[in-house]
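All figures in this text were calculated on a predicted structure; none of them were measured in a lab. Residue numbers begin at 1 in each chain, while the letters A, B, ... track the order of the sequences.
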Amino acid sequence: MMVPTEEPASARRPRPLREPRDGAATRFEQCYAAHRDHIYRLGLRYGGNRTAFAEDLTHDVFLKLLKSGLNVEEIENIGAWLHTAAANLAVSRLRSERSLLGRLSRWFSRATGRTEERSPQVMLELQEDAALATRALASLPPRQRVVVCMKVLDGATQREIAEALAISEASVSRLLARARKRIEAIKAEEGDAHLE
Amino acid sequence: MPTWNEFQRGLEAASRESEHVRMPEAATRRVWSRLTEATPAEHGRTRRPVARWFAACAAAALALGAIVLAWHVYRGPASSEPQRLAGWVVTEATADLDATVGQDGLVEIQSGGCVLKDDTWGGSLRAQTKTRLKREGSAVRILSGQAVVDVSRRPPGAPAAEVLVSGGSIQVLGTRFTVAQKNGSGQVTLHEGKIRFVPADRTALPVMLAPGESLKWPLRAAGAPEVGTSSTPSASTPAQPLVAKSTNKGSGAPPGSASARPIDALLDRVAVLRSRGQYRQAADELAKAQPQRGTPGAESASYELGSILTYQLGDRERGCAHWRRHQRQFGGGTFAAEVRRAQAKLGCAGGTAPTTKERP
């Protein structure tokens, strides 16, 4: 089994999956090839355009699929399944980053040269409004950040968000209200700073 | 306020602009490699927990460093390698210490003072100016000068620490005493514990000393007049004593000199009473005399009274009151450390056993 990518044949190939070795492995491979970019983009979105975050999130999502023992074909909407998994795992990962240990971990990563640079490709192409919005999004707490993305970018209803994140609709409503208040406060602060 | 709408538009714009972003080739290979290499047991391990592990180690190292730093600040800077004199470790020294070591291991304190410790010998010596001493086998010979010897208590069956003087040897089983040696004569004064003086003349029997007692040498033949002492032999001494014991402790008189001060007569009477075991009478004599501060030997007499109340009578109430009075009168004085030790023994308020540094 080869890496499902368009890399040149001369490039280093990773070792094949140890298990399962049957057709399920091939289907997993195909699933990875088909959805990895979408999950990676979600990672960039939730992680404030940090490539390392997006890469780790992509790994976590597909590892979760692998560990679930589910056959890819058995999942009715694999895209939605992966999207939901990405949202939940992003919340967990962002929360752990906010902990003291997470901060130390990121400091250590920087000290050892593992930089978490933002994707230059994306950052260069973003217009000023988009860049401001991305920064404002990145300042939100983990769950608010994911809820806002699902609401604004994915057009999900509050019920769909509640089901995906396993919380109540009222909680989704509260999270959105708080996020909105926070975004407006940030905007007001930026406006004041700009005037000064 | 249109800010929320602006934010939504900006976010949508950002999303549109990043729609064409694809996962980089290198990242694709890395993630796939991690997925394929993950065995079921390792599925839970990702790169982030590894970084966390390092972070936890860093946090632990920081905490350890903080503890070490706090300990360092609390204890003061680490002392440098201890100074040594002919195999002795100098644990304390005055600023003006000038000591020389001869070829035969003779240590001579030219000026100042120091505490010399030797664990193999089993104790320490506080040597003062003009003291000359050296190791002889397992013993220590005091050639001249004065030294306070502090020997830790020996375990049962262990050989006694030995101090050699011109008149014989002092065998120590865990005690504290002062040795003064000059031109073939000298004196030992026992502060605590028990020592045995073994005369150089092996025909004479060894003499046991009790706390507060002194012994002078050279030893004289039986019946010879005793200078400055009037003690009677104790049960541990031979029937025909060749040795003279006294309690003229700390009088400051050089060894062998006659006692000419009035206080010495009092101390001699006390020595007689002590040797008879009449401690209460001895204490009463001393208490009645109560020499005032400034009187020569007053401090010694006061210490003598406190010593009897503490070690012989074990009278806590009178002892503590006396030591308080003694400290008021003489302050630090010659016996400061002994006083604190006695207070600690009686359990007086504020009495603490002196540390090695505080010992005279």
Side-chain angles (χ1 to χ4, degrees), chain A residues 1 3-7 11-12 14-19 32 36-37 39-41 44-45 49 51 54-56 58-60 62-63 66-67 93 96 100-102 104-109 112 114 119 121-122 125-127 129-134 136-137 148-149 152-153 180 183-184 187-188, chain B residues 1-70:
Chain A
M1 183 171 60
V3 184
T5 182
E6 300 81 9
E7 64 181 350
R12 176 183 169 273
R15 282 173 284 177
L17 265 175
R18 287 178 192 160
E19 58 181 1
Y32 178 72
R36 64 167 189 258
D37 289 336
I39 303 301
Y40 184 77
R41 279 195 293 273
L44 287 175
R45 183 190 288 175
N49 280 323
T51 53
E55 186 180 326
D56 284 350
T58 308
H59 169 263
D60 290 354
F62 284 97
L63 186 65
L66 200 60
K67 284 171 70 179
R93 191 169 273 280
S96 70
L100 178 64
L101 200 58
L104 272 171
S105 175
R106 276 186 292 161
W107 174 83
F108 183 80
S109 298
T112 52
R114 281 194 59 227
S119 166
Q121 186 186 359
V122 175
E125 291 170 2
L126 286 183
Q127 297 300 316
D129 286 351
L132 282 173
T134 305
L137 181 72
V148 165
C149 285
V152 174
L153 300 177
R180 185 171 183 155
I183 294 291
E184 286 169 355
K187 288 274 185 180
Chain B
M1 196 186 298
T3 51
W4 176 249
N5 292 333
E6 284 175 11
F7 168 73
Q8 278 183 303
R9 280 199 300 275
L11 205 55
E12 283 161 358
S15 180
R16 275 195 305 276
E17 286 165 5
S18 61
E19 265 175 7
H20 62 279
V21 172
R22 302 188 61 180
M23 193 169 175
E25 296 295 330
T28 304
R29 283 199 303 275
R30 273 197 303 272
V31 171
W32 183 251
S33 177
R34 284 160 66 191
L35 286 169
T36 54
E37 286 176 4
T39 61
E42 294 167 338
H43 280 169
R45 295 175 59 187
T46 63
R47 190 170 60 177
R48 189 69 57 192
V50 171
R52 274 192 192 182
W53 185 83
F54 279 114
C57 287
L62 281 173
L64 189 64
I67 290 168
V68 169
L69 184 66

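- Atom CZ in A:Arg180 sits 11.0 Å away from atom CZ in B:Phe7 (nearest 0.5 Å).
- Residue B:Arg34 holds its CZ atom at 4.5 Å from NE2 of A:His59, rounded to the nearest 0.5 Å.
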For A:Tyr40 and B:Arg22, run side chain to side chain contact (heavy atoms under 4.5 Å, CB included): C-alpha distance rounded to whole Å, both residues' side-chain angles, the deciding distance at 0.1 Å, then the answer. CA-CA 7 Å; A:Tyr40 184 77; B:Arg22 302 188 61 180; over 6 Å; no
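- The two residues A:Ala133 and B:Gly10 come nearest to each other via the heavy atoms CB-C, 3.5 Å.
- Formation of a donor-acceptor pair under 3.5 Å by the A:Arg41 side chain with backbone atoms of B:Val21 is found in this model.
- Between A:Leu132 atom CG and B:Leu11 atom CG the span is 11.5 Å, to the nearest 0.5 Å.
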Side chain to side chain contact (heavy atoms under 4.5 Å, CB included) between B:Val31 and A:Tyr32: does it pass, once the steps are laid out? CA-CA 10 Å; B:Val31 171; A:Tyr32 178 72; 3.4 Å; yes
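- Atom CZ of residue B:Arg16 and atom CG of residue A:Leu153 lie 10.0 Å apart, to the nearest 0.5 angstrom.
- Of the two parts of A:Leu137, the backbone and the side chain both hold a non-hydrogen atom closer than 4.5 Å to a non-hydrogen atom of chain B.
- Expressed to the nearest 0.5 Å, how far CG of A:Asp37 lies from NE2 of B:His20 amounts to 11.5 Å.
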